Amino acid sequence: MIKPLYDDETFFRDYSELRKDKVSANDIEEIPNLYSLLPNLNDLDVVDLGCGTGNNCRFFAKNGAKTIIGIDISENMLNEARRLSFDERISY
């Protein structure tokens, strides 16, 4: 299997630094628009495909989802998601 790009340590480090900037198209446009399309999450079971570092999973938990499963091909992304998530409803 080909190593995911995000599992390259240099790429992941640079990506992580880039994502710290909250003035990005992702944070200003994409995420608010995506979240506006979601139903009420109370008591729903949610799967996040391509969960990355778990930002959406944490949002789903904060907004009432019953269980959340985050799936990603990158071990670096999953390890970071686990490090940042402190909610027993979330599994990666």
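Quantities reported herein were computed from a predicted structural model and do not represent experimental measurements.
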Once rounded to the nearest 0.5 Å, what's the spacing between atom [atom1] of [X] and atom [atom2] of [Y]?
X	Y	atom1	atom2	answer
Asn76	Lys3	CG	NZ	8.0 Å
Asp45	Ile69	CG	CD1	8.0 Å
Cys51	Asn56	SG	CG	9.0 Å

Worksheet item: How would you list, by chain and number, every residue that makes a side-chain hydrogen bond (donor to acceptor under 3.5 Å, both in side chains) with Asp14, sequence neighbours excluded?
Response: none
Worksheet item: Are Ile73 and Leu5 connected in a single hydrophobic cluster, I mean Ile/Leu/Val/Met/Phe/Trp/Tyr linked by side-chain heavy atoms less than 4.5 Å apart?
Response: no
Discussion item. Please determine whether residues Val46 and Leu78 belong to a single hydrophobic cluster, defined as Ile, Leu, Val, Met, Phe, Trp and Tyr linked transitively by side-chain heavy-atom distances below 4.5 Å.
Written reply: yes
Worksheet item: Any donor-acceptor pair under 3.5 Å linking the side chain of Asn33 with the backbone of Glu29?
Response: yes
Discussion item. Listing request: all salt bridge (Lys or Arg N to Asp or Glu O under 4.0 Å) pairs with a residue in residues 75-86, at least two apart in sequence or in separate chains.
Written reply: Glu80-Arg83
Discussion item. Does any part of the side chain of Lys66, heavy atoms only, come nearer than 4.5 Å to the side chain of Leu41, both counted from C-beta?
Written reply: no
Fill in: Side chain proximity check, Pro39 to Leu44, heavy atoms < 4.5 angstrom
yes
Discussion item. Take a 6.0 Å sphere around CD1 of Ile2 and say whether it holds more than 12 heavy atoms from other residues, nucleotides or ligands.
Written reply: no
Response to the item:
Test side-chain contact (heavy atoms from CB on, under 4.5 Å), reference Asn26, set Leu18, Ile31, Asn55, Leu34, output is Ile31
Discussion item. Could you check whether Lys62 pairs with Asp87 (Lys NZ or Arg NE/NH1/NH2 to Asp/Glu carboxylate O, under 4.0 Å)?
Written reply: no
Response to the item:
Correct closest heavy-atom pair for Ala61 and Ile90 would be CB-CD1, 4.0 Å
Worksheet item: Passes side-chain contact (heavy atoms from CB on, under 4.5 Å), Thr53 versus Arg19? Steps please.
Response: CA-CA 10 Å; Thr53 59; Arg19 293 296 294 140; over 6 Å; no
Fill in: Contact list for residues 2-41, test ring pair (Phe, Tyr, Trp, His ring centres under 6.0 Å), sequence neighbours left out
Tyr6-Phe11, Tyr6-Tyr15, Tyr35-Phe59
Worksheet item: Among side-chain atoms of Ser85 and Arg58, is any donor-acceptor pair under 3.5 angstrom?
Response: yes
